Amino acid sequence: MPESAGKIVHVVCCGASSFDSIFQLDSLPSGPGKVLPSRVTEVSHGMAASAAAAIARLGGRSALLSRVGDDAIGERIVADLTAAGIDCRFIRRARGARSPISTVLVDRHGERLVVPYYDPALGQDPSWLPLELVARADAALVDIRWPEGAAAVLKAARAAGRPAVLDADTGPAGVTVELAELASHVVFSEPAALALSGASNPGPALRALAGRFAGFLAVTAGPDGCFWLDRERDRVEQLRPPAVEAVDTLAAGDVFHGAFTLAIAEGAPIPRAIAFANVAAALKCRSFGGRLGTPGRAEVEAVLSGLERTGLEER
């Protein structure tokens, strides 16, 4: 049993929050013109925000440290994320700034095209962050969209002896390197890992990155699941997710990161934490609407138990 069995763990998430308009199309556009969607929804999203929502949905407590504008969209973002169960008291409303927005196109296979906008007027200064909240939490999770805030949170979590997880998606290489050096756990997206390492697939990428970063390293690779480096046995492990019919992969990575961080905060060993996150992310992909498809804890545990029983039977 995890060390924190019976306790509702608290995870602080820091990074992006945005307001997304999501359009479902038959196929992604290949050039200029006009396309008509079959479905449309609007939802408050963002890497850290969607991960925080997943943590709340999966039975944890989450607080979000983020920045929005002092406009009507900012009000909507805060209201939506509060309704999702996130503690939003520490979302800063930047005076005179526009709130982050994204237009997302999703095709019939669940693949997506994302066009985000972050107003520079949101500011970079992290001095207002409640780092004492981070020190009291059970874990911290950051993304790369606000490097200054992410660095401050990772340092505070490490100083307090807490897991400090980085969602290392694609971005400037220098930013990724700086933050990965501060984190205790780094989970790369496959494109980010390949770009930073120069490798052509996740296994060699992990080998190359292991020489640069001292903490736990993993790579998420969509239907191929998660690869991670077991340093004690000096081998790359892989765990695939359950097969699902993907309708919308938007926010699947965010759900994975939230579920993974929640699991390690609860004391789960790495293989169990990855299995839990794999299932949560896979089940999310069955529904249109990004993070709105995040499953509840009972459903994830039921699917995970079924997979574990099947594995035992196969032995």
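Here the structure is a predicted model, which is why all the values come from computation and not from measurement.
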Can I get a per-line list of side-chain donor-acceptor pairs under 3.5 Å for residues 238-245, giving both atom names and the distance, sequence neighbours left out?
residue : atom : partner : partner atom : Å
Gln238  : NE2  : Asp224  : O            : 2.9
Arg240  : NH1  : Asp224  : OD1          : 3.0

Begin with the C-alpha distance, continue with both residues' side-chain angles, and end with the deciding distance and a verdict on salt bridge (charged side-chain N to carboxylate O under 4.0 Å, His left out) for Arg235 and Asp230.
CA-CA 5 Å; Arg235 55 192 254 186; Asp230 184 331; 5.8 Å; no
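- Looking at Leu196 and Phe188, their side chains come closer than 4.5 Å, going by heavy atoms from C-beta outward.
- In this structure, Glu75 has no salt bridge (charged side-chain N to carboxylate O under 4.0 Å, His left out) partners at least two apart in sequence or on a different chain.
- Every residue was checked against the side-chain hydrogen bond (donor to acceptor under 3.5 Å, both in side chains) condition with Thr176, not counting sequence neighbours, and none meets it.
- Scored by the salt bridge (charged side-chain N to carboxylate O under 4.0 Å, His left out) test, Arg93 finds no partners at all (sequence neighbours excluded).
- For residues 258-295, the pairs satisfying ring-ring contact (aromatic ring centres under 6.0 Å, His included) are Phe216-Phe260, with sequence neighbours left out.
- The hydrophobic cluster containing Val104 does not contain Met47, counting ILVMFWY residues as joined when their side-chain heavy atoms lie under 4.5 angstrom apart, directly or transitively.
- Clustering of Ile, Leu, Val, Met, Phe, Trp and Tyr by side-chain heavy atoms under 4.5 Å joins Leu81 with Phe19, Leu64, Val68, Ile73, Ile77, Val78, Ile86, Ile91, Ile101, Tyr117.
- In this structure Asp71 satisfies the salt bridge (charged side-chain N to carboxylate O under 4.0 Å, His left out) test with no other residue, sequence neighbours excluded.
- Residues in residues 267-282 take part in these side-chain hydrogen bond (donor to acceptor under 3.5 Å, both in side chains) pairs, two or more places apart or across chains: Arg272-Glu301, Arg272-Glu308.
- Counting only residues at least two apart or on different chains, the side-chain hydrogen bond (donor to acceptor under 3.5 Å, both in side chains) pairs with a member in residues 184-201 are Asp169-Ser189.
- Under a 4.5 Å side-chain heavy-atom cut-off, the cluster of Ile, Leu, Val, Met, Phe, Trp and Tyr residues that includes Tyr118 has no other member.
- Listed by first and then second residue, the side-chain hydrogen bond (donor to acceptor under 3.5 Å, both in side chains) pairs that reach into residues 134-155 are Lys7-Asp138, sequence neighbours excluded.
- Side-chain contact between Leu206 and Phe227 is present, with heavy atoms from C-beta onward closer than 4.5 Å.
- Applying the side-chain hydrogen bond (donor to acceptor under 3.5 Å, both in side chains) test to residues at least two apart or on different chains, the pairs with a partner in residues 280-292 are Arg286-Glu299.
- Residues Val177 and Arg212 form a side-chain contact, since some pair of their non-hydrogen atoms from C-beta on lies under 4.5 Å apart.
- Looking at heavy atoms from C-beta onward, Val142 lies out of side-chain contact with Asp167 at the 4.5 angstrom threshold.
- With hydrophobic clusters built from ILVMFWY side chains whose heavy atoms lie under 4.5 angstrom apart, Ile144 shares a cluster with Leu217.
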